[in-house]
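Written out below as structure tokens is the structure these notes cover.
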Amino acid sequence: MSTLHEKLRCIVDGFCPELEPFEDHYRDFHENPELGTQEERTSKIAASHLKANGYDVITRIGGYGVVGVLKNGEGPTVLLRADMDALPLREITGLSYASMAETVDTDGDKKPIMHACGHDSHVASMMGTSTLLAKAKNNWKGTLIVLFQPDEEHVAGARAMLDDGLYKKVPKPDIILGQHLINVKAGVVLIKPGAFLAANNTLKVTVFGRGAHGAQPQDSIDPIILAAHMIVRLQTVVAREIGPLDAASVTCAYIHGGNAHNVIPDVVEFILNIRTFSESVRDTVLNAVERIIKGEAIASGVIKEPQIQPVLTCPPTDNDPEAAHMVESAFKAYFGEERTWEADRNTASEDFSLLATDIGVPYVFWLFGGVDHKVWAEFKRTKDKTLISSPHQADYAPVVQPTLRTGIEAMSIAALTFLKVDG
Ligand SMILES: [Zn+2]
Ligand SMILES: [Zn+2]
């Protein structure tokens, strides 16, 4: 182990706060989840925690976004991000601190709410990290920015904070760090330099034809036949336009057309969900999708061109290789090889990287486990996937410890890797 890594261990172990208050915060956040754009309570608790620890705090950035800035002498500026929002699910974990909450979502519908993506643990861990690094400030130099982001699940919060002038309110960071819970053994961290999480482009396609009596198809331009051709041909994008070593998926999971058994409709709508891992593959796929939709429409002789509207756009998470290697070796030194796993590429998506790519700075995003050790051992023995609940499932219930401790330690080690610490 290098002297620097030894120093980082001394700081993290020496200044790690009592964990009980953060466990209480975790259970409290879990029991009182808030959907994206509604994180008033969570952000208030996060903001007052940062204030109490000596950070300069700015609230209400891009909704309920919060940042705390700790200026601590000459050195790099490091931004740490945690997301705060929950999901519209009815919790069935049976935990004593399970959520019973309901609210009206941004679409106007009343929905149950649950922390089924671990953002409660991200917030509690980040509160612990912010305490640890504030207590340890005689041991590092630089500027630390702790950011609590709203509205990740709608893939809107990072953009909202940027559009609200985030980097006019806080110094521009040299590096941005983030982490997410995953359904592997608690106490483990997983990292992958380079392409990591997928970009998600969701498009709504409206195909315009000409309606007619079902028995007089010669009078129609049938949008159902046309949409069917489009969707079949779209399968060739991945099969024939993307190289076999690149990865992409183009899925049509929603299609609607017609209201009667004997009426050819005027319009068909379908939605495409597209996942890619790099900007260049994403551009290739999106161009091919547009070309095929427009080309098939021309082939059918439509009078009105089809409409392609973005429903959701989420960037890829493509870790800076050098910075990610630095975090990886710091994790290996602190957690040991047996607790530092190489992450696989993952088709999940995040808006985290926008906070960095918008200003052209490097970023590193990693995962940490939350599965009870006994359950994990049973899963390894039986290979029974039903033993382990995953994020976005109504029975998702990570164990409190060592999950939270690992989240605090991982974020602190990573932050100190980039702050100025004399080894
Ligand atoms: Zn999620
Ligand atoms: Zn999440």
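First listed ligand is number 1; within each ligand, the first listed atom is number 1.
In terms of heavy-atom proximity, Ile176 sits nearest to Leu355 at CD1-O, 3.3 Å.
For the residue pair Asp28 and Asn32, a side-chain donor N or O sits within less than 3.5 Å of a side-chain acceptor on the partner. A side-chain donor from one of Asn183 and Ser390 sits under 3.5 Å from a side-chain acceptor of the other. Side chain to side chain, Thr202 and Asn273 meet the donor-acceptor criterion of an N or O pair below 3.5 Å.
Here ring pair (Phe, Tyr, Trp, His ring centres under 6.0 Å) pairs that include residues 87-141, with residues two or more places apart or in two chains, are His30-Tyr97, His119-His122, His119-His180, His122-His180.
Between Phe331 and Trp366, a ring centre-to-centre spacing shorter than 6.0 Å is recorded.
Take a cut-off of 2.8 Å around the Zn ion (ligand 2): the protein N, O or S atoms inside it are Cys117 SG, His119 NE2, His180 NE2.
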